[in-house]
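See below for the structure under consideration.
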Number of protein chains: 2
Amino acid sequence: MALKHTLLALLSRQPLSGYEVAKEFAEGFGSCFWKASQQQIYAELTKLEQQGGITYEAITQPGRLDKKIYSITPEGLQDLTDWLIKPSEPAAIREDLGVIGLAGHLISHRVVVREIERRRQIHAEKLQQVKRMDEYFAQNINTLELKELYMHLVIRRGIRYQEEWVAWCDEVLGAIAQATDR
Amino acid sequence: MALKHTLLALLSRQPLSGYEVAKEFAEGFGSCFWKASQQQIYAELTKLEQQGGITYEAITQPGRLDKKIYSITPEGLQDLTDWLIKPSEPAAIREDLGVIGLAGHLISHRVVVREIERRRQIHAEKLQQVKRMDEYFAQNINTLELKELYMHLVIRRGIRYQEEWVAWCDEVLGAIAQATDR
DNA sequence: TTCTTGTATTCAAAAAGTTGAATACAAGAT
DNA sequence: ATCTTGTATTCAACTTTTTGAATACAAGAA
């Protein structure tokens with residue numbers, strides 16, 4: 001359950017509402033390495049609050065539900081650092097597209113090509129997005145503090161990941177073109 | 001629920017027992033793109049059989065439970081090809097190690113370095129493993145049929161993935177060394 | 001001869017994640 | 001005047017995945 005610790009880590013930087021946390025995962029830095037739905041985030045935040053790892057300050061808003069600004073507690077910070085020093089396991093890969101390696105030949109190669117082209121575009125767009133996140137860090141690379149450097153490096157992981165996808169799609173497209181040409 | 005279709009795809013190539021399927025995911029080609037536990041595989045196989053996508057032939061073994069050799073049915077094959085032509089979404093990323101981008105500065109950089117070194121080694125070993133899987137395909141690259149080519153390309157995805165990890169770890173190690181040196 | 005590894009399957013509880021909503025208002029666009 | 005987008009939270013049902021077992025025998029190693 002690393003969502004818990006990802007939330008703790010995010011809130012260790014600054015207090016945020018559930019909505020802002022969800023936005024961070026959907027569009028911001030969090031999207032480089034963690035995916036979670038809004039509902040999942042709200043549920044986990046409630047649980048974490050009950051466990052004492054975080055607290056919230058309710059902002060009364062006339063005519064609607066309170067806005068809750070969550071912040072980390074000393075217990076939450078301790079939990080986070082305890083977790084950080086533990087060895088991590090590589091994430092499980094579960095990529096639908098890999099199934100073509102097993103059964104791609106059961107459908108027309110034109111359908112496969114179209115699909116890879118579509119995926120190439122998705123990853124190329126994602127790549128532009130993560131590159132924009134890295135702009136500030138890349139420009140000040142030699143003066144970054146460790147805190148910023150770590151963030152830059154994880155964004156670099158996101159950049160490499162998307163670059164790798166684009167390059168693989170190109171390799172696949174080239175190889176299929178060559179093979180169906182023979 | 002792409003585990004279902006990954007199983008269908010695997011069994012579209014040859015009949016296998018649950019044990020063999022699990023081994024394929026743990027060590028074989030399946031490990032390039034899909035992770036599932038043995039229990040999960042057995043459960044899914046039972047469900048798929050009840051739905052009619054696969055059937056099994058029970059091999060009686062004296063003194064122990066029957067061995068079930070599963071194979072795909074025409075309905076299963078139809079289900080698989082229907083699924084294959086549908087657009088796929090990029091897999092969700094959930095990488096524990098990414099949390100250091102948010103909170104790595106809360107612990108000693110020496111602990112971070114040790115952890116990245118450990119991860120580098122894990123991925124370097126995994127890389128050797130997937131490269132071995134690709135040996136036959138890489139040597140016969142110009143004479144592969146589409147069926148083999150697809151498998152090669154997905155293994156290439158696995159190779160690139162692990163190479164990318166190793167390269168990123170090196171980048172991180174270099175950057176931390178430089179930053180802590182200043 | 002005992003221990004480990006490999007073959008082979010099954011059960012069950014708990015945790016995590018997905019899908020599909022409902023509620024409510026402000027601000028800007030058509 | 002209505003429609004969409006953005007802010008902000010909550011509920012509930014369902015599916016998927018993880019965790020932690022139990023059972024049982026063969027073959028080879030120590």
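So you know, we letter chains A, B, ... as the sequences are listed, proteins then strands, and number each from 1. As a basis for the values below, the full set of heavy atoms in this structure was taken, side chains included, without hydrogen atoms, waters or symmetry mates. Values in this document were obtained by computation on a predicted structure and should not be read as measured data.
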Walk along nucleotides 17-22 of chain D from 5' to 3' and tag each nucleotide B, S or - by protein heavy-atom contact under 4.0 Å, base first, then sugar-phosphate. SBBB--

Mind calculating the distance between [atom1] ([X]) and [atom2] ([N]) to the nearest angstrom?
| X | N | atom1 | atom2 | result |
| --- | --- | --- | --- | --- |
| B:Ile59 | C:dT9 | CD1 | P | 10 Å |
| A:Ile41 | D:dT10 | CD1 | P | 14 Å |
| A:Tyr56 | D:dA8 | OH | P | 16 Å |
| A:Lys67 | D:dG6 | NZ | P | 16 Å |
| B:Leu7 | D:dT16 | CG | P | 12 Å |
| B:Tyr70 | C:dT9 | OH | P | 7 Å |
| A:Leu48 | C:dA16 | CG | P | 11 Å |
| A:Glu20 | D:dT7 | CD | C1' | 10 Å |

Under 3.5 Å side-chain donor-acceptor pair for B:Arg156 and B:His152: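 No, B:His152 and B:Arg156 have no side-chain donor paired with an acceptor closer than 3.5 Å.
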
With no hydrogens and no angle check, just 3.5 Å: does a side-chain donor-acceptor pair link B:Glu49 and B:Thr55?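 No, because no side-chain N or O of B:Glu49 sits under 3.5 Å from a partner of the opposite role on B:Thr55.
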
Please report the interatomic distance OH(A:Tyr56) to CG(A:Leu11), rounded to the nearest 0.5 Å.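 The CG atom of A:Leu11 is 14.5 Å from OH of A:Tyr56, to the nearest 0.5 Å.
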
Distance check: side-chain N/O of B:Lys47 vs OP1/OP2 of D:dT16, anything under 4.0 Å?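 So the side-chain polar atoms of B:Lys47 do come within 4.0 Å of the phosphate oxygens OP1 or OP2 of D:dT16, strictly under.
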
Closest contact, heavy atoms only, A:Tyr150 versus B:Ile100: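 Heavy atoms only, the tightest pair is CB-O, 3.4 Å.
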
For B:Glu95 against A:Glu89, the heavy-atom pair lying closest together: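 Reported closest heavy-atom pair: OE2-O, 4.1 Å.
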
First of A:Ala2 and B:Tyr42 reached from the 5' end of DNA chain C, by closest nucleotide: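 It is B:Tyr42 whose nearest nucleotide is closer to the 5' end.
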
Does B:Lys86 pair with A:Glu115 as a salt bridge, N-O distance under 4.0 Å?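 No, this pair does not count.
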
Can you confirm whether more than 12 heavy atoms, excluding those of A:Gln121, are under 6.0 Å from its CD atom?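 Count not over threshold, so no.
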
Using a heavy-atom cut-off of 4.0 Å across all strands, would you classify B:Lys4 as base, sugar-phosphate, or nothing?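 Nothing: the residue B:Lys4, judged by heavy atoms under 4.0 Å, touches no strand.
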
What nucleotide among C:dG6, D:dT9, D:dT16 has an atom nearest to a side-chain atom of A:Lys68?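 Out of C:dG6, D:dT9, D:dT16, the nucleotide with an atom closest to A:Lys68's side chain is D:dT9.
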
